[in-house]
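Working notes for the structure below.
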2 protein chains.
Amino acid sequence: MSATTQRRLKRESSSEQVAGHIRRLIMAGELITGDRLRQDEIADQLGVSRIPVREAIITLDREGWVNFESHRGAFVASFAADDIRDHYDLRGLIFGLVARRVAETATADDIKALALLLRAMRAATELDEFAAVNERVIGRLLKLAASPRLTAALLVTPAVVHEGFFEFVPTGRAIQETGIAALLKAVRARSADAADAALRTMLRRQGDAVLAAFTASGVVAAAGTR
Amino acid sequence: MSATTQRRLKRESSSEQVAGHIRRLIMAGELITGDRLRQDEIADQLGVSRIPVREAIITLDREGWVNFESHRGAFVASFAADDIRDHYDLRGLIFGLVARRVAETATADDIKALALLLRAMRAATELDEFAAVNERVIGRLLKLAASPRLTAALLVTPAVVHEGFFEFVPTGRAIQETGIAALLKAVRARSADAADAALRTMLRRQGDAVLAAFTASGVVAAAGTR
DNA sequence: CCACCCGGTATTGTATACAATGTGCAACGG
DNA sequence: CCGTTGCACATTGTATACAATACCGGGTGG
């Protein structure tokens, strides 16, 4: 945990700041699908050179936020309803796998720790506090059940909304709490299937909620049928 | 298809060449888990500056090949048996989802095209030819059923073995052929569950085969129980 | 009138140079 | 003798400068 704290305290590099900046622009709807990211422009606006901008763009490309084509530039990716659904379906699959393993391998102490964290989630008064506890829950699950590689896969496909998720998605907190509660119940019953289903539905519901929030804010054009 | 061809012909940038070089080093066992990648050293060896090396490292970090820590350097990630299993489990989940959708939405023409491709796979005499057809199959499936975002997720978590997969994994071709055949059968029967299962098992078997190949070549230390 | 070619210009890709950070060792004090 | 502090070095992070490539307009020939 101290390592986590240190990492958090370490001020992020220019590249990471730039990446965060662009993510926020996309989330806010100031950059929309197909828009081009000019390296010079971004560098000037943020007062850095093009190197960190390029590195941020590479990161965002790998994360799926933009498409980076050689010698042509970076264009913000599609954020249609289908994309968001796919994104959360995918996260649901991965977290479902993690949940399955947790149900199979968690010790009594692990379960006790999860229960404590769930209580902390429910007790949180501020959304920031809630988000922090939530991260600890996620971290715990990954530590219990995921290899570094699987963890990396989840980090590579991060929540569409990073910071301020629970501010942005009003029903997000409730969905998360009931999802984790269902997971805990399933783990206690040692039911891998139920644990899998619990997190899959949780992510599915989060996806719907995010989609609703984006639609409301105008980032996503309208409901699109698959 | 012409777009794909063009992309393929476009000679890759220095960054991409460096990334490929490092991937090969890791696959070949010349770089093992925990080894540090010094930017200067790699740049000198390949006769490029550190900029493309850095960009390659960022890519590899996002892909899970290395862990890149700020101001500390990049270290090659863990490639224990568990990691490889996780990697293929994950790909199995994603491809299973794709298969499910293909079974639900494919037209008669799509099915016919898949059948033709399967015949071409079986008819291929050279492994290179087989690999090319295989890529067309994958591309077709993704085009039928996956949003750009899901496709990106699959490209971000590429097969552990890129080029020369079928040379490296002796049983790979047979696994792939029977897997695609099973998929085709499931799609014809319009069974999403069977399609899902077909690709999940295919990837599971590929994972086992890759693990065996790596173990044989000494890249993976030994069988590790979870 | 349309298709093609060909420079000029804008933008990206990479090399070089410098700044900032982390690491290891040695000297010092307890 | 052990822990700590501070400096020198190695390495990474970023800025600047230059090279390579793609886009866009006019011009030319058919």
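Worth saying up front: this structure is predicted, and the values here are computed from it rather than measured. Quick note on labels: first sequence line is chain A, next is B, and so on, each numbered from 1.
A:E129 places a side-chain N or O within 3.5 Å of a backbone atom of A:T125 that can act as its donor or acceptor partner. Counting only distance, with no hydrogens or angles, the side chain of B:N67 and the backbone of B:A77 share no donor-acceptor pair below 3.5 Å.
As a whole-Å value, the separation of B:I51 CD1 from D:dA17 P is 15 Å. One interatomic measurement links the two molecules: CD of B:Q17 to P of C:dG13, which rounds to 14 Å at whole-angstrom precision. Straight-line distance from the CZ atom of A:R50 to the C1' atom of D:dA20: 12 Å, rounded to whole Å. Between B:D44 atom CG and D:dT11 atom P there is a gap of 11 Å when expressed in whole angstrom units. Nucleotide C:dG13 holds its P atom 13 Å from the CD atom of A:E55, rounded to whole Å. The CD atom of B:E69 sits 14 Å away from the C1' atom of D:dT11 (whole-angstrom rounding). Atoms CD (A:E12) and C1' (D:dT14) sit 16 Å apart, rounded to a whole Å. A:E16 places its CD atom 13 Å from the C1' atom of D:dT12, with the value rounded to the nearest Å.
Residue-to-nucleotide proximity on DNA chain D shows that, of A:R36 and A:S14, the 5′-proximal contact is made by A:S14. DNA chain C is contacted by both A:F68 and B:H71; A:F68 maps to the nucleotide lying nearer its 5′ end (nearest heavy atom per residue). The 5' end of DNA chain D is approached more closely, in terms of each residue's nearest nucleotide, by B:A74 than by the other of B:A74 and A:P52.
Residues A:R38 and A:D44 are not paired through a salt bridge, judged by the lack of any N-O separation under 4.0 Å between the basic side chain and the carboxylate. A salt bridge is defined here as a Lys NZ or Arg NE, NH1 or NH2 lying under 4.0 Å from an Asp or Glu carboxylate O, and B:R24 with B:E30 fails to meet this definition.
Of all heavy-atom pairs between B:A19 and B:L60, the closest is O-CD2, 4.1 Å.
OP1 or OP2 of D:dG13 lies within a sub-4.0 Å distance of a side-chain N or O belonging to B:R54. Put simply, B:Q39 has no side-chain N or O that comes within less than 4.0 Å of OP1 or OP2 on D:dA10. The side chain of B:S15 contributes an N or O atom lying less than 4.0 Å from OP1 or OP2 of C:dT14.
Between the side chain of A:R72 and the base of C:dG13 there is no donor-acceptor pair of N/O atoms closer than 3.5 Å.
Closest to the side chain of B:S49, from the set C:dG13, C:dT11, C:dT16, is C:dT16. Distances were taken from every side-chain heavy atom of B:V48 (C-beta onward) to each of D:dG13, D:dA17, C:dA15; the shortest belongs to C:dA15.
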